[in-house]
Every structure is written in structure tokens, then in C-alpha cells.
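In what follows, a structure is listed as C-alpha cells, so that the remarks can point back to it.
In this text the structure is predicted, and so the values were computed from the model without any measurement. All residue numbers refer to positions in the sequence shown, counting from 1. Values below: every heavy atom of this structure, side chains too, minus hydrogens, waters and symmetry copies.
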Amino acid sequence: MKNARGFLIVLTFVLIFLFPFNSHSAITKDLYKNYYVPAFELQRNNGEFIVYIVKDNSYKEAGKLSFNKYFTQKDLDLSKYVKQGELVNIILSQKGGGASHIDSISLGGKPPVKINGNENGLKKLSKKDFDVIDSHNKSIKISFNNDIKDYTLSLTARIEETIISKTPFRFPIINTYKPITDKSEFYKYSLNSKMGKCLLDGNLNEIKNWSPFFKEYSISGTGHPSNYTYGWVYNDDKNLYVAIDFTGDNTKDGEKDYAEVHIKTDEGIKNFRVSEVDKLWGKPGFLYTERAGYQHKVYEFKIPLNEIFSDVKNKSNEIQIAFSTYGTDAPKEQYYYYEALIDSDNNVSTGGTVHVKQKGSEEDINGIDYIVTAYVTYDEGFYIDTIVTQRYNGSAFVAIDINDTDYPINVGNGVNGATAIEFLTSRANLNNPTGTMKIVYHASISLANDYTSPFYFQQGLGIPALNKTGFIILSIMIGFISIYFIKTRKTHMGKLLFLIFAIVSIATFAWAATITIDGNVNDWNGINSSVTDPEDDSSIDDPLEDIIAGFMTSDSNNYYFRMDINVPVG
């Protein structure tokens, strides 16, 4: 018996050692493992942190580290600025961009020993765990012990754009990207099914041991961690209470952050908002919870039932309710992407593999050397936001060119009233290929896909295309020479020059079909489609990624791609 008790005691200590009851460390483990940074964002920079070395009350710039809106690690060698044995003091100062946040910083793999001006700085910056500090418009002094041999400064941070998405997450998630109206989807809450009271204190103690009313995975498009959003709904005889744990919003952005409750009533949709400045219906908080081990936003609501029902005594037993959250943490922009999958040497044994699917079929496309992708958004208009060219490097596709020019799209300008998506890449981006290329067109959003049969593009002759000025000069020169020959009675020579001029002009324009990416497809006139595709064969019957025709042409500088998708006017 004593041996059994002793065994259980030892086993208990072993389990505690192996599985410590530290919810924060357990739930933040491997968060960065699933943290996704789109390929086209890797080379985009919104601003930079300038690193200064501080010595004897003076400071010297040691370097600059550039960042985009995604948390990424950047390194800087400080070995020529510090001496072994002395305390290393640095100052980080942001330049350019919008809001910025730092997740971790280390020197030679070791965390700092002092951070001026931030109460929880040492705790927050000691490791990569999304527990961040605000660094916008701040100069942050950080000190490190000098008991190391490696003087590599490693900084994990992000800098937002100055203009950011204002699209909130919606729950149910089918409402995302849409306004909440009486035609939206709603959860149904049965009144009195969960009874309780809420103390509006910005904590979530009341619901600590309750199962959530809803739990939805929120994929961030703003650089915040993607994580679950949880909601609880309960009531007493006077009020409806709502608690929201918005775990993805790990940044505190003042009045920009909010949560909203939408209730469908006989009088229409009633909206109740809580933020740092809107506290009539509740209170926000910024704390650690059992569901996320980094500080993040939470919200509590207290909504009188007489605000929901015009006649409380004869109120319905069912409430139709929906929710919105925003914290500069916002969903991914509604990107569709249109791709040219290019086998530049027409050899399936080289290049990478891209998996595609459509209604009734899916397959691996082998031998892809380059991918040219046009990212199209229509949340604030319909236009190409970014064009990215990727090259297969033997193990993965990597971005080699990012064109962030906005290009317009005119709906209904394509074949039979479809919508043409035009995009381009330079010949140099594809390493100036020769011979025949094999191309597959692919359109997608999330799990929705459509793709075409492969088609072949034969490289044209290396005749340079003239610009308008050059063509005018050439015309004038040949015209004068022709007139000279005609005046000197050498009419046959003059006529021959005119004929040569006409042939060269036609050949040059036929080969050098320079396309302007402007939403107008008149410059595609005379260019036959390279491939056609059946209508209504997208994997989820989405016309915005249902390809019906594809075109391709080139001039001496660029390749031009066009996909007509099954979206008519209206």
C-alpha cells in the first residue's frame, strides 16, 4: 500500500514536470509554426526601425531593419560597434509606415536585461509568442549583458501601412465582407437558456467555465495571429449579456478597436457597439485568457431587454443575433487570384508542381518554372492590386518581382460580355526564354478553383517594337525618301519603299502587340484566343473564378496575359 502511494506521488510530480499547468505557455506553443506570410508580402516594406548604439550619452546609427505588416525576424550584426565585456545599449526608433509592434528582441540569442519606458517589456520581448509592445512613434532603449560571442541582433516586429483595411470579422462568418441586414445570417439564442449576470469590468470571469455560444476561426489578413474568436450569450430578467474573446487582436489600438452585437428585431436591425470610446453598452479589456497566452482584446456587453423588445412582457423566446469584431485585426482582403502557370522550356521534368481543381476534376500540373499571379480585390472596387512573378528554385516557388501598381478592370468587356482580367510580366522576369512555352491558366479564391487545358505559346522573332515617337520618325524618313525617288522619276523605287514600309509596319505590329493594362481590350483586337474553357465548371459555382477564354501575346519587353471570366455586367 505504501509502495502504491509512493508510486502515485512520484507519478504526480513527473506529470506536473512534463505537463505544467501553465495555460499561457501551452496555448502559445507553435503559434508561429502556422503563421502564414504571403509570398508577395515578403519583399514589401512599410517602414523601418533604425538601430542606434548608445555610448557615453551619445549614439551612433548601426543599421536599419525594414518590415511589412507581418511579424518577421530581421537580423543585424553589431560586432563592429561593441566591445566584449561592456553592457550593450541600443535605441530602436521607427521611421515610416503606420502602427508598429515588437514581439521579441535578442542579442546573440539572449534576451535583454532592461527595457526603458515599458512596464512589461522584459516579459513581452523575451520570446516570440505574439505578446507584443507598441512601438509606434517611440524611441525604445534596450540593454543587453555582454557575456556573449555572437553580436547578432534579432528583431521580430511588424509595421503596418498608413492606410489599413477597415473590414470587420463577422459572425456567422458567412456574413464577412457584407453589411449586416435583415437578410444576413443570424445565430438563434433562446432566452433564459443560460442565466447569469455580468460585472462590466473588462474581464471575463463570469464565463470562465462555460462552453462558448459560438467559436469561429478568424484568419487574419493584417499580420495579427490567426486564432479563434469566442462568444458567450446569457441573460437575466432585465438584460442580455454578451462576452467576446477576440484572441487574434493582440494589439491595442484605442478607438479603432471595437466589437458589435447585431440583433434582428421587428423594428429592423439594432446595433450595439463597444470600444474605448463607446461604453454605453459595455466595456472592452486587454488581457491574457485561458484561450490565448498573449494580451489581446475582450469585450463585455450589457443590453437591456427593453432595447431589444418593444413589449418586454410579451417578448419572444428567441433572439436572432450576430456579431462583428475589428481591432485593426481584420480578415484577409477578398482577393481572387488569376495565374499563368508557365512551363518556360516545355519540359515537365524541370520545374515545380501546382495542384489545381475544378468541378469534377483535379490534377497536378508538373514542370512549372514560373507563376505570374494577378491579385484582384473587389471590396472597395474591382481592380488588380498586385502582380507577383514567382520562380521555382528547386524546392519552392519564390517571389522574384512584385508589381504593386493598381490596374483597373472593366466589367463586361470580354468575350460575349464576360470580364477580362489583363496582367503582365517582363521577359527578363522569365529569364528571356526561347522556343515554345506551355501555359495553364488558373483562377482561385480560397478553396474555389478553375483551370484551363494547357496551351502553347511560340516565341516571336526578336524584332523590337517601336514606340509612337519612333514610328512617327520612321514614317517621316521613309516618306521623304519615297518622295525623293518619285520626284527624281524613280517611281518604281518609291513604290517599293512604300510597300516595304507597309509590310514592315504590319509585321511589326502583328508581332509586337503591346498591350496597355487599362481595362480596355481594344488593343487585343486581332489576337485570337489561346484557349477556351467550359462555362460553369468552377469548383463551387463561383463566376468570379470561372474562366471561359484565355489570351496571350508579347512584345520585345513583356508578356501579356488575359483571362475572361464568367462575370457579365450586372
Side-chain angles (χ1 to χ4, degrees), residues 32 35 37 41-42 44-54 59 61-76 89-106 111-112 114-143 153-168 220-226 246-258 275-277 284-288 292 294-298 325-330 333:
Y32 269 94
Y35 186 67
V37 181
E41 290 283 358
L42 292 175
R44 178 178 291 175
N45 296 316
N46 297 326
E48 59 193 12
F49 285 99
I50 304 175
V51 181
Y52 298 96
I53 296 290
V54 182
Y59 57 91
E61 182 179 322
K64 300 175 182 178
L65 298 172
S66 299
F67 291 89
N68 56 37
K69 66 183 178 181
Y70 289 89
F71 284 105
T72 49
Q73 179 179 308
K74 299 290 181 71
D75 298 330
L76 181 65
N89 296 306
I90 68 167
I91 290 177
L92 292 180
S93 181
Q94 179 193 348
K95 180 181 179 182
S100 65
H101 304 89
I102 300 174
D103 190 6
S104 72
I105 188 168
S106 63
K114 185 179 181 181
I115 298 176
N116 288 4
N118 193 291
E119 183 180 354
N120 297 314
L122 282 178
K123 174 182 179 297
K124 285 175 169 285
L125 299 189
S126 63
K127 58 184 177 180
K128 292 170 60 174
D129 57 3
F130 292 118
D131 200 14
V132 305
I133 67 169
D134 179 15
S135 52
H136 184 51
N137 289 333
K138 295 179 173 65
S139 291
I140 303 172
K141 186 176 180 181
I142 304 172
S143 301
L153 182 76
S154 298
L155 177 66
T156 301
R158 67 188 285 265
I159 299 177
E160 294 179 355
E161 303 99 324
T162 53
I163 299 175
I164 60 176
S165 171
K166 295 182 180 179
T167 303
S220 177
T222 56
H224 295 74
S226 297
F246 187 18
T247 64
D249 187 12
N250 65 333
T251 61
K252 193 173 183 180
D253 298 293
E255 62 185 41
K256 295 179 184 178
D257 300 346
Y258 69 86
S275 71
E276 293 291 341
V277 294
F286 192 66
L287 55 125
Y288 302 92
Y294 47 83
Q295 276 189 299
H296 60 277
K297 293 303 291 278
V298 300
T325 58
Y326 175 79
T328 68
D329 181 17
E333 291 186 72

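When all heavy atoms are compared, the tightest approach of G221 to K69 is O-NZ, 2.9 Å. Shortest non-hydrogen contact noted between G223 and S220 is N-OG, 3.8 Å. A pairwise comparison of heavy atoms in A330 and S165 identifies CB-OG, 3.9 Å as the closest pair. Smallest separation of non-hydrogen atoms from S275 and Y258: CB-CB, 3.9 Å. Between F246 and G327, the closest heavy-atom pair is CE2-N, 3.8 Å. Heavy-atom minimum distance, A62 versus I53: CB-CG1, 3.8 Å.
Between I142 and I105, some side-chain heavy-atom pair lies under the 4.5 Å cut-off. Between V54 and I90, every side-chain heavy-atom pair lies at or beyond the 4.5 Å cut-off. With contacts defined as side-chain heavy-atom distances shorter than 4.5 Å, the pair L92/V51 qualifies. A heavy-atom distance below 4.5 Å is not found between the side chains of T328 and T222. Proximity of N116 to I140: side-chain heavy atoms (C-beta onward) are nowhere separated by under 4.5 Å. Using a 4.5 Å heavy-atom cutoff, the side chains of Y294 and D129 are not in contact. The shortest side-chain heavy-atom distance between K141 and K114 does not fall under the 4.5 Å cut-off. Within the 4.5 Å cutoff, the side chain of S93 has no heavy atoms near those of the F49 side chain.
For the 3.5 Å distance criterion, the side chains of H224 and T251 qualify, holding a donor opposite an acceptor. Inspection of the K124 and Q295 side chains reveals an N or O donor paired with an N or O acceptor under 3.5 Å. Counting only N and O atoms by type, the side chains of D131 and Y288 include a donor and acceptor under 3.5 Å apart. Using modelled atom types, one finds a donor on one side chain and an acceptor on the other under 3.5 Å when comparing S100 with Q94.
S106 places no side-chain N or O within 3.5 Å of a backbone atom of P111 that could act as its donor or acceptor partner. For the pair N46 (side chain) and G97 (backbone), a donor-acceptor distance under 3.5 Å is absent. Although no hydrogens or angles enter the test, the distance criterion places no donor-acceptor pair under 3.5 Å between the side chain of N45 and the main chain of G47.
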Q) Where do K252 and E276 land on the side chain to side chain contact (heavy atoms under 4.5 Å, CB included) test, with the steps shown first? A) CA-CA 10 Å; K252 193 173 183 180; E276 293 291 341; 4.1 Å; yes

(Q) Run I133 and H101 through side chain to side chain contact (heavy atoms under 4.5 Å, CB included) and show every step you take. (A) CA-CA 6 Å; I133 67 169; H101 304 89; over 6 Å; no

Q: Verify side chain to side chain contact (heavy atoms under 4.5 Å, CB included) between L125 and I102, making sure each step is shown before the conclusion.
A: CA-CA 7 Å; L125 299 189; I102 300 174; 3.7 Å; yes

Q. What do the steps show when you test E255 against D257 for side chain to side chain contact (heavy atoms under 4.5 Å, CB included), and what is the final call?
A. CA-CA 5 Å; E255 62 185 41; D257 300 346; over 6 Å; no

Q. D103 and K128: salt bridge (charged side-chain N to carboxylate O under 4.0 Å, His left out), yes or no, with the steps?
A. CA-CA 6 Å; D103 190 6; K128 292 170 60 174; over 6 Å; no

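Annotation: cation-pi geometry not satisfied between R158 and F67 (NZ/CZ under 6.0 angstrom from ring centroid, within 45° of ring axis).
By the 6.0 Å contact criterion, OH on Y59 is open, its count of non-hydrogen atoms from other residues, nucleotides or ligands being 12 or less. Atom NZ of K138 sits in a crowded spot, with more than 12 heavy atoms from other residues, nucleotides or ligands closer than 6.0 Å.
Between atom CG of residue D329 and atom CG of residue N250 there is a gap of 7.5 Å, rounded to the nearest 0.5 Å. Distance check: I91 CD1 to S139 OG gives 6.5 Å after rounding to the nearest 0.5 Å. Separation of atoms CD1 (I159) and CG (N68) is listed at 9.0 Å; rounding is to 0.5 Å.
Between Y35 and F71, the ring planes are tilted. Angles from 30° to 60° get that label.
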